[in-house]
There are 2 protein chains.
Amino acid sequence: MLKTYSMFDDILQRDQHAVAKGTILKSEGEESHSRMYVAGGWLAASKSLEDGEQQIIEFILPGETYDPTATDGKTSFLQIEALCDAVIVSIDKTSWAQLLRQDPELRKSERQREIAAQARQSERMLRLGRASAETRIAYVLIELCIRVSRQGTGFDSEFHVPFGQQQLGDFTGLSSVHVCRTLRRLNRAGVIRTGDHMDILIKDQHALAELAQVDIAALRDEITTDAA
Amino acid sequence: MLKTYSMFDDILQRDQHAVAKGTILKSEGEESHSRMYVAGGWLAASKSLEDGEQQIIEFILPGETYDPTATDGKTSFLQIEALCDAVIVSIDKTSWAQLLRQDPELRKSERQREIAAQARQSERMLRLGRASAETRIAYVLIELCIRVSRQGTGFDSEFHVPFGQQQLGDFTGLSSVHVCRTLRRLNRAGVIRTGDHMDILIKDQHALAELAQVDIAALRDEITTDAA
DNA sequence: TGTCGGCATTAACCCACGTCAATTCATCGA
DNA sequence: TCGATGAATTGACGTGGGTTAATGCCGACA
């Protein structure tokens with residue numbers, strides 16, 4: 001989570017506005033002159049093929065900022081959508097640049113955040129291109145678990161995913177039907193337990209990490225650093 | 001391509017060293033304290049699953065720099081390998097930081113480069129997760145063609161890929177056998193013509209763009225900006 | 001309390017792509 | 001000139017995951 005900066009805080013207090021689940025905050029190719037700050041709720045940054053197939057590139061969680069503006073400085077190269085009811089703040093480029101100029105700490109933490117994001121992207125590309133459905137699902141569960149946990153502290157084995165299996169598929173490159181099949185299988189194997197409304201309980205952290213082909217400790221460091 | 005900077009040039013003249021095709025310049029998790037500059041040849045940045053499956057995350061072309069150092073500032077989160085005989089220069093972090101501090105132009109162009117890289121990654125993730133083999137192959141051909149072309153000027157419909165079908169598969173998330181099949185099919189359809197040694201001639205640019213589900217003009221802008 | 005709409009679940013079926021293996025071909029050192 | 005090596009190519013075959021569609025469940029709303 002971002003540390004507290006008086007001027008930053010000031011901006012975040014103004015201009016908050018609530019958006020309903022499903023709201024599209026920015027579309028691909030649309031004008032974009034601001035960085036978004038998520039005060040509450042989850043967003044998804046995604047791209048679509050002409051035939052309508054959607055791929056979620058990144059989830060944006062409360063306390064994070066995101067700017068999908070392309071190199072032209074004008075248009076967004078991603079679509080940003082609210083996965084659940086959310087509260088967001090638009091910080092215009094000028095204000096953001098000013099914040100960065102004034103605050104070396106913020107500058108440094110944003111730099112770290114970018115590097116961490118790039119590492120995460122690489123890890124996801126590896127799974128998208130090369131891993132089985134089971135590995136992909138196991139991985140996303142671990143990743144989400146860790147990212148949710150750091151809002152509290154440490155590693156909570158139980159967490160809530162505020163969106164459906166369709167979106168999980170859009171993120172892992174699978175159909176919602178196969179996401180379902182895979183989650184059932186993990187349930188039957190006793191690795192996880194799914195409750196109502198996409199509540200997830202990781203029953204066997206070790207087995208899940210095995211399936212995801214990931215070293216949990218390393219991943220936690222990587223993702224957690226993101227917040228520094 | 002990077003513009004000319006006296007001090008930058010100075011560094012690039014020293015410390016050049018040649019590496020043979022297949023050389024692994026950095027391994028995943030290995031110590032990494034420098035940024036690499038490619039004076040000649042192509043590199044690949046990749047990640048691997050425990051079972052050995054490899055995914056190429058990015059190609060690094062002559063004139064580009066790359067730094068795979070993770071947020072810990074110590075280890076590389078990618079493997080860097082020479083796809084063909086290459087000449088590279090290691091620029092240590094301190095020198096690089098100094099260059100950035102002294103040169104606002106370089107700082108700005110690197111910033112642009114990072115944004116462009118992120119847009120490219122998103123585009124690739126979309127294809128990895130959601131597109132057919134044909135679309136992926138068509139897309140990578142167009143992407144490579146444009147990136148090679150900008151070393152000269154404009155869009156050359158004929159170009160050379162200095163590595164094999166296996167690596168094309170490692171980049172697109174396909175098996176080398178299926179890469180081969182797909183290339184043959186594109187040949188038979190008259191969209192491309194493959195010559196010896198992975199020489200590619202795009203015979204029908206429009207049809208290829210159609211298959212790739214991409215707007216060539218937009219993509220060219222995006223990739224070309226990368227070089228600013 | 002009923003009805004409606006959206007999501008999860010499951011089964012049946014199919015196909016795009018992976019795997020394995022044989023064949024050809026180009027390169028290269030002895 | 002002769003293997004020897006490694007990549008491209010092609011065919012046969014198997015399968016993981018997509019598609020379709022039926023069913024059930026829950027929450028919202030009247």
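To find a chain, count down the sequence lines: A is the first, B the second, and so on, and within it residues start at 1. Side chains included, hydrogens not; waters and symmetry mates left out as well; all remaining heavy atoms used.
- Per the geometry, CG belonging to A/Leu83 stands 15 Å off C1' belonging to C/dC7, to the nearest Å.
- Rounded to whole Å, atom P of C/dA8 lies 11 Å from atom CZ of A/Phe163.
- Nucleotide C/dA8 holds its C1' atom 13 Å from the CD1 atom of A/Ile200, rounded to whole Å.
- For the pair A/Arg136 (side chain) and A/Ala131 (backbone), a donor-acceptor distance under 3.5 Å is present.
- Within the nucleic acid shown, A/Gly169 has no heavy atom closer than 4.0 Å to any nucleic acid atom.
- In this structure, A/His197 atom NE2 and D/dC26 atom P are separated by 9 Å, rounded to whole Å.
- Atom CD of A/Gln16 has more than 12 neighbouring heavy atoms from other residues, nucleotides or ligands inside a 6.0 Å radius.
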Trace of the side-chain contact (heavy atoms from CB on, under 4.5 Å) decision for A/Arg120 with A/Glu58:
CA-CA 9 Å; A/Arg120 273 205 313 270; A/Glu58 181 64 281; 2.8 Å; yes
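- Judged by distance alone, with hydrogens and angles left aside, the side-chain atoms of A/Gln54 form no donor-acceptor pair with the main-chain N or O of A/Lys47 at under 3.5 Å.
- In this structure, B/Arg127 does not pair ionically with B/Glu143, as no charged nitrogen and carboxylate oxygen lie closer than 4.0 Å.
- The stretch residues 177-190 of chain B comes close to DNA chain C through B/Val177, B/His178, B/Arg181, each having a heavy atom under 4.0 Å from the strand.
- Here the side chain of B/Asp156 pairs no donor or acceptor atom with the backbone of B/Phe159 at under 3.5 angstrom.
- The terminal axes of the helix from C/dT1-D/dA30 to C/dA30-D/dT1, fitted over 5 pairs per end, subtend an angle of 40° to the nearest 10°.
- Across A/Leu141, A/Thr135, A/Leu186, a single residue satisfies side-chain contact (heavy atoms from CB on, under 4.5 Å) together with A/Leu211, and that is A/Leu186.
- Note: CD (A/Glu53) to P (D/dG18) measures 9 Å, nearest angstrom.
- If you find the closest nucleotide of DNA chain D to A/Ser176 and to A/Asp196, the one lying nearer the 5' end belongs to A/Ser176.
- For the contact set between residues 121-143 of chain A and DNA chain C, defined by any heavy atom under 4.0 Å, there are no members.
- Atom pair A/Met198:CE and C/dC7:P shows a separation of 12 Å (rounding to whole Å applied).
- B/Arg130 and A/Ser48 are not linked by any side-chain donor-acceptor pair at a separation below 3.5 angstrom, with hydrogens and angles left out of the test.
- Side-chain atoms of A/Lys26 and A/Ser76 form no donor-acceptor pair, as typed in the model, at a separation below 3.5 Å.
- Taking atom CD of residue B/Gln165 and atom C1' of nucleotide C/dC25, one finds them 13 Å apart after rounding to whole Å.
- Although no hydrogens or angles enter the test, the distance criterion places no donor-acceptor pair under 3.5 Å between the side chain of A/His197 and the main chain of A/His160.
- The backbone N or O of B/His206 lies less than 3.5 Å from a partner atom in the side chain of B/Asp204, making a donor-acceptor pair.
- The distance between atom CG of B/Leu168 and atom P of D/dA7, rounded to the nearest whole Å, is 14 Å.
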